[in-house]
Enquirer: 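Take a look at this one; I'll ask things after.
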Amino acid sequence: MENLNEKERAFNYAKELKLPVLRDELEDFISLATEEDWSYRTFICRLLSKEMDVRLENRRRQRVRTAGFPELKYLQELQREELPKDAQTALPCLETLEFINEGRNIVFCGNPGTGKTHLSIALGIKACLEGYTVFFTSVPHLLTQIRECRSHKSLRQFELRFQRYDMVICDEFGYVSCDKEGGELLFNHLSLRAGKKTTIITTNLAFSRWGEIVKDKVLVAAMVDRLTHKAYLINMNGQSYRVKETQKMLKSNEK
């Protein structure tokens, strides 16, 4: 009865202290320690090591969950030979994530369906797994968030969070135009990170056409200047993956 009570108390202590390995695997560790004649220090060290591994993995998953990715896309899923040449050349360097430590931006610019969003998400997920904080949003959704925070008088809190992320991914710049106020809000928030933290922009428009989205030439010039300073500018023009898949399907049906 005494051993049973000790077992129950150990389970309850582990549950209260949020130690899942101690809670669920204690008996297995005791058996292994007995078989291999571990010292007390070895037993404690290996048990705590497993707890740390579980905790770190949970943190990785939590960072991925809270980043806001619309779907999970990984670097290993990329068909690299199908990427535009600029992306193929830059990817080995980008995969190191050194650009985050340097606070450098990335602009993926090119026509739809060439892998801009996939690359951005994949780099973002790798960053999450390696301990960086990431925030994914589309540009239209970001402007909606900013306006909502302003109306709820919580804009300053949002700004502080926004500028602290190690990586912010702003997807789909160029699909929806914004008024002068929207352009100013976007510029102000991107400026909070300029030269200090990494921002990734995906866009279907060349810089010379950004004036079609933000109706203020001076503001556009300043935005391009801030975003492109020491940035990786990746030309993503090429044939759409979706078009290629459709063509393959049609050829297959013809046969």
Side-chain angles (χ1 to χ4, degrees), residues 59-70 73 93-109 116-117 119-203 205 207 210 213-214 216 218-234:
R59 288 175 184 170
R60 293 186 189 102
R61 291 177 181 176
Q62 180 64 18
R63 283 192 293 270
V64 172
R65 280 195 298 269
T66 58
F69 300 116
K73 298 281 191 178
C93 179
L94 299 182
E95 284 179 304
T96 68
L97 302 184
E98 188 58 31
F99 64 91
I100 300 177
N101 299 325
E102 297 169 349
R104 297 177 66 179
N105 297 334
I106 302 174
V107 180
F108 291 114
C109 179
K116 300 186 297 296
T117 299
L119 275 168
S120 300
I121 292 174
L123 289 170
I125 288 177
K126 183 170 186 181
C128 289
L129 297 179
E130 294 195 14
Y132 297 101
T133 55
V134 178
F135 175 60
F136 182 98
T137 184
S138 68
V139 170
H141 186 249
L142 175 61
L143 289 173
T144 298
Q145 282 184 289
I146 294 170
R147 288 187 168 108
E148 288 177 350
C149 288
R150 186 177 59 180
S151 66
H152 294 131
K153 302 188 186 306
S154 59
L155 184 57
R156 183 54 183 159
Q157 292 93 319
F158 180 80
E159 288 174 345
L160 290 172
R161 290 198 309 274
F162 189 80
Q163 70 185 71
R164 281 199 298 262
Y165 288 110
D166 296 310
M167 177 193 291
V168 166
I169 302 170
C170 293
D171 195 31
E172 297 181 344
F173 180 85
Y175 287 95
V176 179
S177 62
C178 57
D179 56 18
K180 188 176 188 303
E181 181 194 58
E184 290 172 351
L185 291 172
L186 182 61
F187 173 77
N188 290 339
H189 279 71
L190 294 178
S191 295
L192 293 171
R193 305 176 52 78
K196 296 173 286 188
K197 298 284 188 176
T198 291
T199 302
I200 296 179
I201 300 287
T202 74
T203 179
L205 296 180
F207 297 126
W210 281 24
I213 303 302
V214 180
D216 185 318
V218 175
L219 195 60
V220 169
M223 189 182 299
V224 171
D225 180 69
R226 296 284 178 90
L227 286 173
T228 59
H229 181 60
K230 295 183 179 180
Y232 289 93
L233 308 178
I234 314 297

Enquirer: Classify the side-chain pair Arg59/Gln62 by whether it contains a donor and acceptor separated by less than 3.5 Å.
Expert: no
Enquirer: Shortest non-hydrogen contact from Val214 to Val220?
Expert: O-CG2, 3.4 Å
Enquirer: Restricting to side chain to side chain donor-acceptor pair (under 3.5 Å), what partner residues turn up for Thr117, sequence neighbours left out?
Expert: Asp171
Enquirer: Between Phe158 and Phe135, how do the two ring planes meet: parallel, tilted or perpendicular, split at 30° and 60°?
Expert: perpendicular
Enquirer: Could you tell me which residues satisfy salt bridge (charged side-chain N to carboxylate O under 4.0 Å, His left out) with Arg60, sequence neighbours excluded, listed by chain and number?
Expert: Glu57
Enquirer: Measure from NZ or CZ of Arg226 to the centre of the six-membered ring of Phe187, then state whether that distance is under 6.0 Å and the direction lies within 45° of the axis.
Expert: no
Enquirer: If the condition is side chain to side chain donor-acceptor pair (under 3.5 Å), which residues does Thr203 pass it with, not counting sequence neighbours?
Expert: none
Enquirer: Is the shortest heavy-atom distance from the side chain of Phe162 to the side chain of His189 under 4.5 Å?
Expert: yes
Enquirer: Does Phe136 reach the side chain of Pro70, with side-chain heavy atoms less than 4.5 Å apart?
Expert: yes
Enquirer: Compare every heavy atom of Gly174 with every heavy atom of Leu205, then report the nearest pair and how far apart it is.
Expert: CD1-CA, 3.9 Å
Enquirer: State, to 0.1 Å, how close Tyr232 and Arg104 come at their nearest heavy-atom pair, and which atoms those are.
Expert: OH-NH1, 3.3 Å
Enquirer: Identify, with sequence neighbours excluded, every residue that meets side chain to side chain donor-acceptor pair (under 3.5 Å) alongside Glu130.
Expert: none
Enquirer: Please list all pairs meeting salt bridge (charged side-chain N to carboxylate O under 4.0 Å, His left out) that have one or both residues in residues 139-158, counting only residues at least two apart or in different chains.
Expert: Arg147-Asp179, Arg147-Glu181, Arg150-Glu181, Arg156-Glu159
Enquirer: In sequence, state the C-alpha distance, the side-chain angles, and the governing distance for Ile213 and Val139, and then conclude on side-chain contact (heavy atoms from CB on, under 4.5 Å).
Expert: CA-CA 11 Å; Ile213 303 302; Val139 170; over 6 Å; no
Enquirer: Sequence neighbours left out, what passes salt bridge (charged side-chain N to carboxylate O under 4.0 Å, His left out) with Asp216? Give chain and number order.
Expert: Lys180
Enquirer: Looking at Ala127 and Ile100, what are the two nearest heavy atoms and their distance?
Expert: CB-CD1, 3.8 Å
Enquirer: Please state whether the rings of Trp210 and Phe173 are parallel, tilted or perpendicular, taking 30° and 60° as the class boundaries.
Expert: tilted
Enquirer: For residues Thr199 and Cys170, report the shortest heavy-atom separation together with the two atoms involved.
Expert: CG2-SG, 4.4 Å
Enquirer: So which atom in Ala67 and which in Cys128 form the shortest heavy-atom distance, rounded to 0.1 Å?
Expert: CB-SG, 4.2 Å
Enquirer: Please step through side-chain contact (heavy atoms from CB on, under 4.5 Å) for the pair Thr133 and Arg164, ending with a clear verdict.
Expert: CA-CA 8 Å; Thr133 55; Arg164 281 199 298 262; over 6 Å; no
Enquirer: Could you check whether any side-chain heavy atom of Leu155 comes within less than 4.5 Å of a side-chain heavy atom of Ile146, counting everything from C-beta outward?
Expert: yes
Enquirer: Determine whether Phe207 and Val107 make a side-chain contact, defined as any pair of heavy atoms from C-beta on separated by less than 4.5 Å.
Expert: yes
